[in-house]
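See structure below.
FYI, side chains are in, hydrogens and waters are out, and symmetry mates aren't considered; it's all heavy atoms of this structure.
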Amino acid sequence: MSSERIEQAPSSIIFDSLPYYDNDLERHPILKDKVAKELAREAQSSQSQTLHPRVPPPVTLFAKNPLLAAELERVESHQPLHPLDTSRYQLPGPTEQPANEEKWKEALDNARAQLEHQRLRQINLSLLQSYGGNAWRVHNYLTEATAKNAEKALEELQNLTTEVNRDRKNFQTTIGNQLTSLETRWTELISSILQIEMANVALEGEIDRLNKQEADLTASV
């Protein structure tokens, strides 16, 4: 296959293939199987090799948050979510009969905690009713703006990718035509050289025959 050589910097050389020009795999299907086997072999051998220096190191998620790290590990292992503990929202009385004063005090403290929790819930619901609508509108506006910026960036990248591929195709097509012309010229020159060599061999044979014929005539005289 052919290859184009693009110099990015004096110390950096990138060899790029010519996929828009090379069609050896289509013309010779047996090469496709050989390339696939070679790529598989290289992939197996590269697993034990060190990574390229430009490859960033692996990122450890939630290294400073053990709770989120444990939750991520649970999700990765496909473990079910632990059920919520609803006992804290119940108001059980003392289970021991007869109950002593300490048990009744614990049940009373639990009831007061539940009452305070319900009061806070009412306050939160009141605040949500008063300000929740506007807060969600602002949140939706910011989310839409972020989504539009992401879509715009994606469109720019897609256009840039299309432009790069178009430039590569035009460049490779031009270079491919030049390579085809040079290859055809090379074939013609090789053919001319072979014809000249064959003519030289024929002339040498004719010269040897004439020299022999002259020697015979000279000997007969």
Side-chain angles (χ1 to χ4, degrees), residues 4 6-9 11-22 25 35-36 39-40 42-44 46-92 106-173:
E4 69 181 51
I6 304 176
E7 295 188 1
Q8 299 288 348
S11 60
S12 176
I13 299 177
I14 297 178
F15 292 90
D16 191 14
S17 62
L18 299 178
Y20 295 102
Y21 170 73
D22 289 330
L25 297 180
V35 170
L39 291 176
E42 291 181 357
Q44 293 178 356
S46 62
Q47 292 179 355
S48 59
Q49 299 177 357
T50 57
L51 296 177
H52 193 274
R54 292 187 178 181
V55 177
V59 179
T60 303
L61 299 177
F62 311 123
K64 298 181 179 180
N65 196 323
L67 293 179
L68 291 178
E71 180 63 16
L72 179 62
E73 183 179 357
R74 181 194 66 80
V75 174
E76 290 179 346
S77 59
H78 303 285
Q79 297 295 327
L81 182 65
H82 297 292
L84 296 177
D85 184 11
T86 59
S87 61
R88 57 180 300 183
Y89 304 110
Q90 300 175 3
L91 294 175
E106 292 177 359
L108 182 60
D109 291 341
N110 183 35
R112 289 173 178 173
Q114 296 299 324
L115 181 62
E116 181 67 15
H117 173 68
Q118 294 299 328
R119 188 182 70 83
L120 291 177
R121 289 187 62 187
Q122 290 180 351
I123 294 175
N124 291 332
L125 289 175
S126 178
L127 292 174
L128 180 63
Q129 186 176 5
S130 300
Y131 306 104
N134 292 332
W136 274 108
R137 291 187 186 94
V138 172
H139 174 74
N140 291 337
Y141 173 79
L142 295 177
T143 303
E144 290 177 357
T146 304
K148 289 181 180 179
N149 292 334
E151 291 176 355
K152 184 178 179 181
L154 176 61
E155 183 178 0
E156 292 177 353
L157 289 176
Q158 289 177 342
N159 293 335
L160 180 60
T161 302
T162 302
E163 183 178 357
V164 170
N165 290 333
R166 186 184 299 113
D167 293 341
R168 288 187 67 209
K169 182 177 181 179
N170 294 335
F171 177 75
Q172 293 179 17
T173 301

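The distance from the CG atom of Leu128 to the CH2 atom of Trp136 is 9.0 Å, given to the nearest 0.5 Å. With rounding to the nearest 0.5 angstrom, the CG atom of Leu72 is 4.0 Å from the CD atom of Glu76. Atoms NZ and OG1, from Lys169 and Thr162 in turn, are 12.0 Å apart once rounded to the nearest 0.5 Å. Atoms CD and CZ, on Glu163 and Arg168 in that order, are 14.0 Å from each other to the nearest 0.5 Å. Separating the CG atom in Asp167 from the CD atom in Gln172 is a distance of 11.0 Å, to the nearest 0.5 Å.
In this structure, Leu84 places its CG atom where only 12 or fewer heavy-atom neighbours from other residues, nucleotides or ligands lie under 6.0 Å away. Residue Glu73 qualifies as open at atom CD: its count of foreign heavy atoms under 6.0 Å is 12 or below.
Side-chain contact between Tyr20 and Asn165: present, with at least one pair of heavy atoms (C-beta onward) separated by less than 4.5 Å.
We find that Arg119 and Glu116 are joined by a salt bridge, their nearest charged nitrogen and carboxylate oxygen being less than 4.0 Å apart.
For the residue pair Arg74 and Gln79, the shortest heavy atom distance occurs at NH1-O, 2.6 Å.
Side-chain N or O atoms of Asn110 include none that pairs as donor or acceptor with a backbone N or O of Glu106 at under 3.5 Å.
Between the side chains of Asn140 and Arg137, no donor N or O sits under 3.5 Å from an acceptor N or O.
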Task: Residues Arg166, Asn170; criterion side chain to side chain contact (heavy atoms under 4.5 Å, CB included); working and verdict - done: CA-CA 6 Å; Arg166 186 184 299 113; Asn170 294 335; 3.8 Å; yes
Going by atom type alone, with no hydrogens or angles, which donor-acceptor pairs under 3.5 Å involve a side-chain atom of residues 144-158 and a protein atom two or more places apart or on another chain?
unit_1 : atom_1 : unit_2 : atom_2 : d
Thr146 : OG1    : Leu142 : O      : 2.9
Asn149 : ND2    : Ala145 : O      : 3.2

